[in-house]
Every structure is written in C-alpha cells, then in structure tokens.
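Keep in mind that what you see is a predicted model, and the values were worked out from it rather than measured. Scope of the values below: all heavy atoms of this structure, side chains included, with no hydrogens, waters or symmetry mates. Residue numbers begin at 1 in each chain, while the letters A, B, ... track the order of the sequences.
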Protein chains: 2
Amino acid sequence: MKQAVTLKDLARELNIATSTVSRALKDNPEISAVTRARVKKLAKELNYEPNALALSLRHSKTNTIGVILPELVHFFFSTVISGIEDIAYSNGYNIIICQSNENIDREILDSKALFNHRVDGILACVSKNTNHYDHFIAIQDKGIPIVFFDRDVPIDASKILSNDFEGGYNATKHLIESGKTNLIHLSGPEGLMLSEQRTRGFVQAHRDLGIPFSREKILRCGDGDVEESFKIIQNALQKGMKFDGIFAVNDIAAVGALQALQAAHISVPQEVAIIGYSDWQFSSFISPTLTTIKQNGNDMGKKAAELLLEEIHSKDTFIEPKSITLPTEIILRGTTLNK
Amino acid sequence: MKQAVTLKDLARELNIATSTVSRALKDNPEISAVTRARVKKLAKELNYEPNALALSLRHSKTNTIGVILPELVHFFFSTVISGIEDIAYSNGYNIIICQSNENIDREILDSKALFNHRVDGILACVSKNTNHYDHFIAIQDKGIPIVFFDRDVPIDASKILSNDFEGGYNATKHLIESGKTNLIHLSGPEGLMLSEQRTRGFVQAHRDLGIPFSREKILRCGDGDVEESFKIIQNALQKGMKFDGIFAVNDIAAVGALQALQAAHISVPQEVAIIGYSDWQFSSFISPTLTTIKQNGNDMGKKAAELLLEEIHSKDTFIEPKSITLPTEIILRGTTLNK
DNA sequence: TTTATTATCGCAATCGGTTGCATAATCATA
DNA sequence: TATGATTATGCAACCGATTGCGATAATAAA
C-alpha cells in the first residue's frame with residue numbers, strides 16, 4: 001500500500017533540507033527561484049498534500065469545529081447543520097458532528113471526544129435530559145469557546161435561541177383572533193426551556209387578550225411522535241373535552257392531532273383549528289396545509305457558526321458572551337381560519 | 001486563557017520524565033505502583049486529556065471517517081448519516097461531514113480536505129453532476145479506503161446501493177396489477193444512474209406484463225422540488241395527456257403531482273394512482289397517504305460504515321471490493337388502489 | 001565482595017510539518 | 001586582499017504524545 005508523500009520524501013529526492021522544501025512551497029522569498037521551481041514541480045508530480053494533522057499540532061489550530069446535537073433525522077436540525085456547514089466551509093473550517101440521541105451520557109462523551117480532537121470551538125444543542133453542565137464548563141475553562149443554539153442553558157456563554165415565547169404567544173393570539181377561544185395546548189417535555197417558553201406564550205396570550213385559562217388545557221406531549229399526540233387528542237375527545245383550537249409544540253404533534261380530529265370526523269379548521277411549530281417540510285404538503293410558527297434553522301446555524309468563529313478568532317482577548325434571539329414567523333395556512 | 005494540560009506539564013510537576021507519565025497512565029507494569037498512583041492522581045486533578053492530534057500523528061491513525069454527501073437537508077440522507085454515526089460511534093470513530101451541494105467542484109475540495117485531515121476512510125455519495133472520478137481514485141491510490149453509497153460510480157470500490165431497478169419495477173408492477181395500464185413516469189435527472197435504474201424498472205415491468213409502452217410516457221423532472229412536478233403534471237393535463245397512474249422518482253415529485261391532480265379535481269387513486277419513492281417522513285401524513293418504495297437509509301448508512309471499518313482494519317491486506325445491493329420495500333398506502 | 005538479575009525510569013527518536021538562528025557562498029567595496 | 005553585506009540554505013527545536021533501548025540503582029545470588 002502506498003503511503004502519503006511527505007516533505008521529507010521531497011527533500012530526499014531533491015537532496016535538500018525539509019525546511020527548504022517547506023519554504024519553497026510557501027513562496028518564501030528567501031528561497032531561490034530555481035529551487036522553488038524544482039520543489040514545486042516535484043510536489044505536483046508526486047501529488048504532495050500537506051498533512052493537516054501535523055499542521056494542527058504545530059499551530060495548535062485544527063480549523064475544525066465540533067457540533068453536538070440531539071438528533072440528525074430532524075428537519076429543523078438538519079437545516080441548522082446545513083447553515084453551520086455553509087459558514088464553516090466558506091471560512092475554511094471543517095465540522096465534526098456528534099449526535100447525542102437526547103442522552104446526556106453520550107453528550108458528555110461527545111464533548112470530551114471533541115475536546116480531545118482539539119476542535120477550535122464547539123456548537124452545542126443540549127439533549128432534553130441534560131441537567132448538569134460540568135462537561136461544557138470544563139471545556140470552556142480549557143479555553144475552547146462554546147456557542148449554544150436552540151435550547152437555552154444556564155451557562156455563561158453565547159447563545160443563539162429562537163424566540164419561543166413570542167412564537168407561542170403569536171400562535172395563540174392568532175387562534176384567538178380568528179375566533180377560537182377555547183384552546184388546548186400540546187406541550188413539550190417538562191424541563192426543556194424551549195417548550196416551557198412556548199407554553200408561557202400560550203398562557204400570556206390568554207391573559208393579554210382576556211381569555212379565561214386553566215391548567216387542564218395543557219396536555220403534556222413529551223416524545224414528539226405522531227402516535228402520541230394522536231392518542232392524546234383521541235383520549236381527550238372520548239372524555240368529552242371541549243375545545244376549538246389546538247396549539248401544538250411542534251408540527252409532528254400537530255399532525256397527530258389533525259389525524260385524530262379527522263378520524264373523529266371533526267372538521268379542521270371550521271370546528272377545531274390547529275397551529276403547529278417549526279414549519280417542517282411536510283407542513284405545506286398535508287391536507288389541510290398546516291399553519292405553523294417558522295423558525296429559520298438555516299439562519300440559526302449560520303449565526304451560531306459566525307458567532308463561534310468570531311470568538312475563535314479573538315481567542316486571546318476576552319469576549320463578552322452574546323445572546324441572540326431570532327424572531328419567529330407565523331405561516332398562515334389551512335388548519336386555521338385566516339380572516 | 002488556560003492551555004490544555006499536557007504530559008509534559010504532569011512530568012514537570014512530578015519531576016519525572018514524560019515517558020514515565022505516559023507509561024503510568026497506561027498501567028505499564030514497568031512503572032512502580034507508587035509512581036503510577038501519583039501520576040494518576042495528578043492527572044485527575046488537572047483534568048488531563050490526551051491530545052488526539054498528537055496520537056493520530058504518532059500512530060498515523062485518526063479514528064475519524066469522512067462523509068461526503070450532496071445534501072444534509074434531505075430525509076433519506078439524514079437517516080443515512082444517522083446510521084453511519086451509530087456504527088462509527090460504537091467503534092470509537094468520529095465523523096467529519098461535508099456536503100457537496102450537488103457540486104463536483106465542492107466535492108473535489110471536500111475530498112482533498114478529508115484526505116489532508118488523514119481520515120482513516122471515506123464514505124461518499126457523489127453529486128449529480130459528477131462526471132469524472134480522479135479525485136477519488138487519487139485518494140484510493142494513497143491507501144485510503146472509500147465506500148460509495150446510494151449512487152453508483154464507475155470506480156473499483158465497495159458500494160452499498162439500493163436496488164433501484166427492483167424498486168422501479170415493483171412500483172410499476174403494483175400500479176399495473178391494481179388495474180392501471182396507462183402510466184406515466186416522472187423521472188430523475190439524466191445521467192444519475194440511480195434514477196435511470198428506476199426508469200429501467202418502469203420500462204421492464206411494462207414489457208414483462210405485456211403493457212404497451214412509449215417514450216413519451218417518461219417526463220423528466222430533474223430538480224426534485226414540489227413546484228416542478230406540479231407544473232409538469234399541470235402542463236400534461238392541459239395538453240390533454242391521458243394517464244391513470246404516475247410513478248414518481250421520489251416522494252417530493254409525487255406530492256407535486258398529487259397537488260396538481262387535486263387542483264384539477266381528479267380523484268386519487270380512483271382516477272389516477274400515484275406511487276412515490278423513498279418513503280419520506282411526510283408520506284404517511286399527507287392525504288391521501290402516499291404509496292411509496294421504501295429505502296432503508298439507516299441500514300444503508302450502517303452497512304456502509306461497517307464495510308468501511310472492515311477495510312480500514314485490514315488496510316494492509318488487499319480486500320476485494322464488495323458491492324451490496326439493499327432490497328427495497330413497497331409501502332402500500334392511499335394513493336394507489338390496493339386489492 | 002563481586003557479579004548477575006531485576007525493577008524503575010530516562011533518553012532520544014519518531015510522526016510531519018514550521019521557523020528562529022546559524023552558516024556558507026557569493027558579491028561588492030574599500 | 002581583507003571585510004562587510006547579501007543571498008540561499010541547513011540545523012535543530014518544537015507541537016504532544018509513544019516506545020525501543022539503555023542507564024541506574026537496588027536486590028539477589030555466588
């Protein structure tokens with residue numbers, strides 16, 4: 001098996017020192033034009049490529065950023081990665097991706113692995129069950145910047161979040177303004193700040209618009225698959241629960257709710273309106289099309305990567321952590337009555 | 001800013017040689033129990049983590065595999081990555097991901113970057129417009145194994161493909177057996193072997209089942225977004241084209257077709273049946289639910305990663321390239337008449 | 001007491017590059 | 001011709017770890 005060609009190989013072949021070869025390849029003016037030409041010619045011939053490992057070790061710089069996220073098979077996250085990848089690529093960085101599978105133990109191992117690979121920085125979205133943060137703080141302490149995205153954490157670091165309170169608020173407001181006043185909310189898992197913010201928005205909109213509200217209107221829906229919300233709504237209907245609008249914590253839950261309503265021959269949006277969250281790709285495909293709150297994942301990824309690069313490039317000087325909250329956008333479609 | 005702690009730091013602190021520290025940490029019996037204990041204690045205290053870069057350079061082994069694929073925001077590919085990540089993780093490997101954005105120039109740069117990072121192997125799905133393969137061959141020649149997935153390439157290397165011919169054949173056969181005999185096919189981009197195989201299956205099924213076939217029945221649909229296929233079908237209808245079944249090269253195109261039919265008040269599946277390809281997540285959400293050919297992306301990712309690891313681990317001894325073709329599965333749903 | 005043996009540990013090369021400094025060669029000038 | 005300036009190149013340390021081999025000291029055997 002062939003080995004990759006090294007500086008040393010070129011040097012031996014040309015009978016000069018490796019330092020000369022190195023300088024020649026970088027157009028160092030101290031090297032004579034003749035030597036430079038000879039070196040470059042041979043390098044082309046042998047298809048020489050510098051060993052990034054050696055460079056990284058020498059410069060203590062890998063030009064790599066690590067990404068930790070809960071799941072890859074997730075429309076929103078895949079758009080975030082795509083945004084990250086764009087920015088990283090155009091700045092000459094590579095990305096190493098780890099998926100924690102919503103598991104803190106895995107997340108800890110991943111963060112260690114990234115540190116050991118000496119990534120120049122880390123972008124992280126913590127898993128749902130992450131309840132302590134030592135593993136991240138330890139890495140920060142070693143001087144590696146971390147930017148968190150999508151899910152908030154009680155750490156002194158830069159963050160790119162979505163305005164989940166606003167999203168929940170506007171979703172609820174839209175339902176109310178379109179004439180629905182008896183709303184229920186399929187909420188996300190407890191402890192996940194993001195879903196709690198959406199729920200807060202749901203509650204606050206009731207207050208501000210003078211609509212009565214009670215705790216029973218919040219139905220917890222932790223897993224986030226279609227079947228779960230289907231059963232929850234089916235169950236609610238069987239119990240005789242009355243409502244004319246549903247705010248679901250995400251589009252998946254919204255679809256389950258929609259299917260449960262359709263199975264019970266309840267018309268959407270006439271009898272019950274539905275609004276989801278995230279604008280998954282399918283939301284414009286289903287029938288009726290799904291009104292939803294859009295988060296721009298690509299933007300989030302780009303902003304997060306930009307912020308991280310900024311911190312990486314000014315590694316020495318202390319940088320005040322920034323917290324950016326991205327606005328949400330309501331996408332009006334068929335599952336709500338739009339005046 | 002703090003620097004990461006190195007072996008040398010430990011050695012200086014304890015006033016012993018770095019080699020001793022190194023051996024102590026690896027439980028080398030040549031080191032006395034006392035010294036070993038002291039070293040380990042300090043390592044814990046200072047939170048020592050070995051520098052993976054240095055190890056990689058020393059051992060010429062990065063425990064990293066590179067992945068090149070056309071797009072991240074794509075349900076099928078995200079499942080593939082997830083499968084790759086699973087296998088890689090459980091074998092102690094990290095993955096570096098590059099998306100080519102269906103662009104060969106970007107693909108070439110990515111492959112070089114991965115080589116320069118001295119990944120132990122590469123998993124690649126070439127972009128649609130890749131028409132030469134020197135960049136991959138050059139890397140193979142340097143002794144780095146490459147396994148291709150999903151899209152076939154004229155290179156002597158291991159491949160994990162999906163049986164696209166079979167998928168196209170079975171899709172078509174299903175339409176015909178459910179009583180539809182005047183079929184059209186929304187085909188994928190020219191030159192992409194995968195879509196040509198599906199088209200071949202479409203044609204062959206006509207032959208085998210004695211259904212007349214003509215070239216006009218194949219409508220090219222290159223981009224793969226909903227709008228494109230919507231327009232194509234709308235256009236076909238306006239021209240008075242007659243058909244009672246559609247085989248779409250993927251679910252996205254199928255959705256566009258479905259919407260065009262619904263807009264024209266043509267009932268699905270009664271008047272026209274539709275079958276898609278890939279079983280995107282939304283396919284079970286839309287109405288009617290979409291019959292489709294399922295490719296197991298997760299399996300493909302796992303198989304590809306396993307095969308690559310196998311080749312990595314037997315790097316020295318020559319390995320005969322394997323070509324694995326994964327079976328497809330037809331998922332019967334609402335857009336076809338199922339007897 | 002001398003030699004052999006063993007337990008412990010350090011030296012130095014290595015992986016593939018980079019870079020400060022020294023050195024040799026060439027040239028110009030006094 | 002000797003000296004200073006300039007040009008082109010090599011030496012060697014370094015990044016952070018590993019590892020073969022040799023060194024040292026302590027212990028055991030003769």
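Of the charged side-chain nitrogens involved, none lies within less than 4.0 Å of a carboxylate oxygen, so that B/E49 and A/K142 do not count as a salt-bridged pair. Ion pairing between A/D299 and A/K302 fails under the 4.0 Å rule for side-chain N and carboxylate O. The residues B/R151 and B/E102 are annotated as salt-bridged, a charged nitrogen and a carboxylate oxygen being separated by less than 4.0 angstrom.
At least one side-chain nitrogen or oxygen of A/T20 sits closer than 4.0 Å to the OP1 or OP2 atom of D/dG10. Contact check, A/K26 against C/dT19: a side-chain N or O comes under 4.0 Å of OP1 or OP2. OP1 or OP2 of D/dT9 sits under 4.0 Å from a side-chain N or O of A/T35. OP1 and OP2 of D/dT9 both lie 4.0 Å or more from every side-chain N or O belonging to A/S19. In this model, the phosphate group of C/dC9 is approached by a side-chain N or O of B/S32 to a distance below 4.0 Å at OP1 or OP2.
Rounded to whole Å, the distance from NZ on A/K8 to C1' on C/dA13 is 10 Å. Regarding A/D9, its CG atom lies at a distance of 8 Å from the P atom of C/dG16, rounded to whole Å. Separating the CG atom of B/L25 from the P atom of D/dA17 is a distance of 10 Å, rounded to the nearest angstrom. C/dG10 atom C1' lies 12 Å from atom CD of B/E30, rounded to whole Å. In this structure, B/I31 places its CD1 atom 8 Å from P of C/dG10, rounding to the nearest Å. Between the CG atom of B/L10 and the C1' atom of D/dA17 there is a distance of 12 Å, given to the nearest Å. In this structure, B/R12 atom CZ and D/dG16 atom P are separated by 11 Å, rounded to whole Å. The NE2 atom of A/H59 sits 5 Å away from the P atom of C/dT19 (whole-angstrom rounding).
The base of C/dG10 sits within donor-acceptor range of the side chain of B/R23, with an N or O pair under 3.5 Å.
Not a single donor-acceptor pair under 3.5 Å links the side chain of A/S78 to the backbone N or O of B/V73.
Both A/E49 and B/A17 lie close to DNA chain C; mapped to their nearest nucleotides by heavy-atom distance, the more 5′-ward contact belongs to B/A17. Judged by closest nucleotide on DNA chain C, B/A54 is the one of B/A54 and A/S22 placed further toward the 5' end.
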- [ ] For A/D27 and A/K40, run salt bridge (charged side-chain N to carboxylate O under 4.0 Å, His left out): C-alpha distance rounded to whole Å, both residues' side-chain angles, the deciding distance at 0.1 Å, then the answer.
- [x] CA-CA 10 Å; A/D27 284 320; A/K40 288 192 172 182; 2.7 Å; yes
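Residue contacts shown for B/L53 are absent, as no nucleic acid heavy atom lies under 4.0 Å away. Backbone-only engagement by B/L55 is indicated by non-hydrogen atom pairs under 4.0 Å involving sugar-phosphate atoms exclusively.
Out of C/dC15, C/dG10, C/dG17, the shortest distance to the side chain of B/I16 is found at C/dG10. Closest to the side chain of B/Y48, from the set D/dC14, D/dG16, D/dA17, is D/dA17.
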